[in-house]
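A short worksheet on the structure shown next.
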Amino acid sequence: MRLVLLGAPGSGKGTQAARLRDHFGVPHISTGELLRAAVKAGTALGLQAKAVMDAGGLVSDAIVLAILEERLSQGDTSSGYILDGYPRNVAQAHALDVLLGKLGQPVERAIQLDVDTELLVARLAGRALAEHRADDNPESVRKRLQVYEDQTAPVIDYYRHQEKLTSVDGVGAMEEVFERIVEALGSRYA
Ligand code: ADP
């Protein structure tokens with residue numbers, strides 16, 4: 001199962017990706033988490049990424065692709081993965097197709113979690129209080145939502161054109177949304 005999860009910051013992507021990991025037994029690969037780990041480890045690459053992340057911008061395509069390629073080369077990905085936070089722009093979507101094409105293991109499905117902007121803002125404000133993430137300050141949140149609209153939303157069309165896109169209503173209880181995703185995936189993944 002090679003699945004891409006698409007959704008704005010605050011759409012519940014990370015939460016649902018973790019549930020899908022537990023349900024299907026494939027790793028959850030979050031580029032945001034990989035980058036935060038690099039920041040924490042204090043690697044040169046992490047230091048470079050930190051300022052951009054804190055301001056709500058996108059880390060350079062080359063850096064994220066290198067990190068992702070390294071992660072995908074690990075053995076636990078042989079039966080698939082849930083990709084969360086990548087691709088975040090059309091260039092990344094294309095780079096992913098090239099990378100996976102070389103391996104003969106293309107993306108199978110892209111699931112888009114659909115959530116209204118007003119609700120996203122409210123959820124991110126709640127998360128800022130609970131988790132103290134450096135990029136959950138109001139300025140950075142606004143910027144991330146704008147980046148999503150400008151750069152990531154076109155990725156939805158990218159997968160629609162490839163006939164790999166499934167949109168799921170992301171509003172409701174966590175469990176409800178999860179069941180919608182599993183249902184949308186259909187019998188192939190049951
Ligand atoms: P959220 O979905 O809430 O924005 P993430 O954990 O997915 O949180 O990402 C946090 C930050 O990490 C992003 O705002 C961005 O700076 C960086 N990042 C994550 N994935 C990518 C990516 N594919 N390309 C560029 N930057 C990324």
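When reading the values below, keep in mind they use all heavy atoms of this one structure, side chains included, and skip hydrogens, waters and symmetry mates. When a ligand or atom number is given, it counts from 1 through the structure's own listing order. One is the number of the first residue; the rest follow in order along the sequence.
Atom 6 (O) of ligand 1 has as its closest protein heavy atom Arg36 NH1, 2.9 Å. From the protein, the heavy atom lying nearest to atom 12 (O) of ligand 1 is Met53 CE, 3.4 Å. The protein heavy atom nearest to atom 2 (O) of ligand 1 is Lys13 NZ, 3.2 Å. At the top of the distance list for atom 8 (O) of ligand 1, counting protein heavy atoms only, stands Arg133 NH2, 3.2 Å.
Salt bridge annotation for Lys143-Glu139: absent, with no cationic side-chain nitrogen under 4.0 angstrom from a carboxylate oxygen. Between Asp84 and Arg21 there is no salt bridge, since none of the side-chain N atoms of the basic residue sits less than 4.0 Å from a carboxylate O of the acidic one.
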Take Asp157 and Arg160, measure what salt bridge (charged side-chain N to carboxylate O under 4.0 Å, His left out) needs, and give me the verdict at the end.
-> CA-CA 5 Å; Asp157 283 327; Arg160 187 178 288 126; 2.3 Å; yes
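Heavy atoms from both the backbone and the side chain of Val59 come within less than 4.0 Å of ligand 1.
Shown in contact with Leu35 at under 4.0 Å from a heavy atom are these atoms of ligand 1, numbered in order with element: 12 (O), 17 (C), 18 (N), 19 (C), 27 (C). Listed by number with element, the atoms of ligand 1 under 4.0 angstrom from any heavy atom of Thr31 are 19 (C), 20 (N), 21 (C), 23 (N). Less than 4.0 angstrom separates some heavy atom of Gly57 from each of these atoms of ligand 1: 14 (O), 15 (C), 16 (O).
Heavy atoms of other residues, nucleotides or ligands lying less than 6.0 angstrom from NZ of Lys164 number more than 12.
The shortest N or O to N or O distance between Gly85 and ligand 1 is under 3.5 Å.
Comparing heavy-atom distances from atom 5 (P) of ligand 1 across Lys143, Arg88, Gln92, Arg144 singles out Arg88 as nearest.
For Gln92 (side chain) and Arg88 (main-chain N/O), a donor-acceptor pair under 3.5 Å exists by modelled atom type.
The aromatic ring centres of His23 and Phe178 sit less than 6.0 Å apart.
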